[in-house]
Amino acid sequence: MSDSVATTTPTEQAKAALTFDQFGLSADILRAVSESGYTTPTPIQAEAIPVVLAGRDVMGAAQTGTGKTASFSLPIIQRLLPMANTSASPARHPVRALMLTPTRELADQVAANVQTYSKHTPLRSTVVFGGVDMNPQSEALRRGVEILIATPGRLLDHVQQKTLNLGQVQMLVLDEADRMLDMGFLPDLQRILNLLPKERQTLLFSATFSPEIKKLAATYLRNPQTIEVARSNSTNANVRQIVYEVHESDKSGAVAQIIRERELKQVIVFCNSKIGASRLARVLERDGIVATAIHGDRTQGERMQALDAFKRGEIEALVATDVAARGLDIAELPAVINFDLPFNAEDYVHRIGRTGRAGASGDALSLCSANERKQLADIEKLIKRPLEVQTLHVTAPARRDGARRDERPARGERTEHRHSAREDAGSRRRTSPGSSSYDRPRGRQQPIDEFFLKPYEPSPSAMKRQEETPEPERKSTSKQPLAALLGGLGMPRKTS
DNA sequence: AAAAAAC
């Protein structure tokens, strides 16, 4: 009984379920849960598990760190168990549950959870996302999996390559749905949804129920049960939020100083730009703090390596863009630092959700320069309370590119680092990591396959029309505004 | 404004 948890749909099950035993989950699932060290369901789990088991659609609002993944994974595994079989034939393992996430890291993490919870069952699962070789994924799909976790783009790629058939999907999870819409995934989602059987169970999780999310739900969910667990972090007393007023040019030094003064062993530092993240990571490293950047311009291998090393405790500061703001399950961070205040106040809440998890206390420390006042005001408005503002006197500015050599190193011994090429400020020829010159190709210029935009079964008239029309219209739907796309779904368009 | 995501 916690007063920080408000439920819009309090059920008897939610009140009564104090252990996982009471949901009627199979012994094989319960064994995996208890081996993972969990004994008591979180509020979202207590609410969602019975609803999902009953086969209902769900519209869920829950933050990371609330146990959201298990709240849908456990009952989905349970519902698939009667169909599980031990046959080696791929045909006996069609994809029956599909889970979509906005980022690759999140997909990987959800997949790890599903793998854990299903390990004592015959069910198979795998994950597909971009940035890595398709072939191992195709091979895993060919062998057959009941549960597939994916990011939308690579999923469609597999469908197009005919390495994946979604015709037998019975359960669909849209995780971080608001994020997916923010990222422009609506066209991809529409294509995917058109490939799924109409008869299915759909679970949509979102941090907010914006009008766009509500429209999406109205289109693709059937009589969903709404489950809402209050956003824990904005009101969470165990996260202390402090804003430090600093000059923009002092920010790097401020981060180093905060890490030292507070003796932070592990911290995530959020930046607003990829270049800024790479730059800060370099400055911190030069200052004797083991740091690595994680952002979308790094290769998938580098991203995974950075995250793994951080989880293993080998890295003190993970300098991240908002690729790491949501969903990532990094246990019990004592603090997060906002190097920049996010442009989107919603992202602030997600960022600081990386600390003070599961009852542990944490600090959310934000740097605010003179030109970030508006962001600060927006955040205070969103979380409905003023933040504690302190002035930070930066005593030992971190060295930057071009810093004079007479500045003293902040720490006696400097960690070994791989930028040995940078002996002095004179060598400027090399491209900095994080600049886009050697990054993987970006953009989605390929014309959208008409197949995906049509309803599931092609009509003979459509094939005839194709013969008559020499040049199909090539319009990049991903460039259309959200309202237009929602309008294309038969949704009311906002009048201007 | 910036970030994320398929070859």
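Within every chain, numbering begins at 1; the chains are lettered A, B, ... in the order of the sequence lines, protein sequences first and strands thereafter. Please read these numbers as outputs of a predicted model, since none were measured by experiment. Atoms considered below: every heavy atom in the structure, side chains included; atoms not considered: hydrogens, waters and symmetry mates.
- A:Ile192 has its CD1 atom 11 Å from the C1' atom of B:dA5, to the nearest Å.
- Comparing B:dA6, B:dA2, B:dA4 by their closest approach to the side chain of A:Phe129 singles out B:dA6.
- A donor and an acceptor atom, one from each side chain of A:Arg200 and A:Thr202, are located under 3.5 Å apart.
- Ion pairing of A:Arg373 with A:Glu245 is present here, as a side-chain N (NZ or NE/NH1/NH2) and a carboxylate O approach within less than 4.0 Å.
- For A:Arg104 and B:dA4, the shortest distance from a side-chain N or O to OP1 or OP2 is not below 4.0 Å.
- Nearest to the side chain of A:Thr321, among B:dA5, B:dA4, B:dA1, sits B:dA4.
- Electrostatic pairing of A:Lys374 and A:Asp378 counts as a salt bridge here, judged by a charged N lying under 4.0 Å from a carboxylate O.
- A sub-4.0 Å separation between OP1 or OP2 of B:dA4 and a side-chain N or O of A:Lys274 is present.
- For the pair A:Lys251 and A:Phe339, the cation sits on the ring face: its NZ or CZ lies under 6.0 Å from the ring centre, inside 45° of the axis.
- Remark: C1' of B:dA3 and CD of A:Glu176 are 14 Å apart, rounded to the nearest angstrom.
- Rounding to whole angstrom units, CG of residue A:Asp157 and C1' of B:dA5 are separated by 12 Å.
- In this structure, A:Gln160 places its CD atom 14 Å from P of B:dA6, rounding to the nearest Å.
- Closest to the side chain of A:Arg303, out of B:dA2, B:dA4, B:dA6, is B:dA4.
- Between A:Arg351 and A:Glu346, none of the side-chain N atoms (NZ, or NE/NH1/NH2) sits under 4.0 Å from a carboxylate O, so this pair counts as no salt bridge.
- Note: CG (A:Asn272) to C1' (B:dA3) measures 9 Å, nearest angstrom.
- A:Met183 has its CE atom 3 Å from the C1' atom of B:dA4, to the nearest Å.
- Look at CD on A:Gln137: it is 14 Å from C1' on B:dA5, rounded to the nearest Å.
- A close approach under 4.0 Å does not occur between any side-chain nitrogen or oxygen of A:Arg326 and OP1 or OP2 of B:dA4.
- Contact between the side-chain N/O atoms of A:Thr151 and the OP1/OP2 oxygens of B:dA6 is found at a separation under 4.0 Å.
- For the pair A:Arg179 CZ and B:dA2 P, the computed distance is 15 Å after rounding to whole Å.
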